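The chain is numbered in sequence order, starting from 1. Worth knowing before you read on, the calculation uses all heavy atoms, side chains too, and leaves out hydrogens, waters and symmetry mates. What you see is a predicted model, and the numbers here were worked out from it, not measured in a lab.
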Amino acid sequence: FGAALVALLLLGALALLVAWRWERLGGLLAFVLGIPVAVYVATAADGYNLFSAFVYASPLIIAGGLYWLDARLRPAAR
């Protein structure tokens, strides 16, 4: 697929590492970075392979969404 996909995946991994400390920010970044990964893989694959796009992007979208939701639903510490 190329260097662009590797760069997007590394940025997504970095966003998930950020989510360990700052759940809302890192989760949102990972979720948002999952979308270009899915679009890039779907358009770069032969015949617009949606399964490949799901396999590459789902870890970022699912984990990022869960981090963001957890930070959003948890009450603030006093």
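Here the closest non-hydrogen pair linking Ala71 and Glu23 is CB-CB, 3.6 Å. Taking every heavy atom of both residues into account, Gly12 and Ala30 meet most closely at O-CB, 4.5 Å. For the residue pair Ala63 and Leu16, the shortest heavy atom distance occurs at CB-CD2, 3.8 Å. Of all heavy-atom pairs spanning Ala38 and Ala53, the tightest one is O-CB, 3.4 Å. Of all non-hydrogen atoms in Leu33 and Ala15, the two that sit nearest each other are CD1-CB, 4.4 Å.
Counting non-hydrogen atoms of other residues, nucleotides and ligands closer than 6.0 Å to CZ of Arg74 gives a total above 12.
Follow the hydrophobic side-chain contacts under 4.5 Å out from Phe54 and you never reach Val37; the two are in separate clusters. Hydrophobic cluster membership is shared by Trp20 and Leu11, with clusters built from Ile, Leu, Val, Met, Phe, Trp and Tyr side chains linked at under 4.5 angstrom. Taken together through direct or relayed side-chain contacts under 4.5 Å among Ile, Leu, Val, Met, Phe, Trp and Tyr, Val32 and Trp68 form part of one hydrophobic cluster. With hydrophobic clusters built from ILVMFWY side chains whose heavy atoms lie under 4.5 angstrom apart, Leu9 does not share a cluster with Leu14. Linking Ile, Leu, Val, Met, Phe, Trp and Tyr whenever their side-chain heavy atoms come within less than 4.5 Å leaves Leu60 and Leu28 in two separate clusters.
The distance from atom CD1 of Ile61 to atom OH of Tyr56, rounded to the nearest 0.5 Å, is 14.5 Å. Atoms CZ and OG, on Phe51 and Ser58 in that order, are 8.5 Å from each other to the nearest 0.5 Å.
Taking a 4.5 Å side-chain heavy-atom cut-off between Ile, Leu, Val, Met, Phe, Trp and Tyr, the cluster of Leu25 extends to Val18, Trp22, Leu29.
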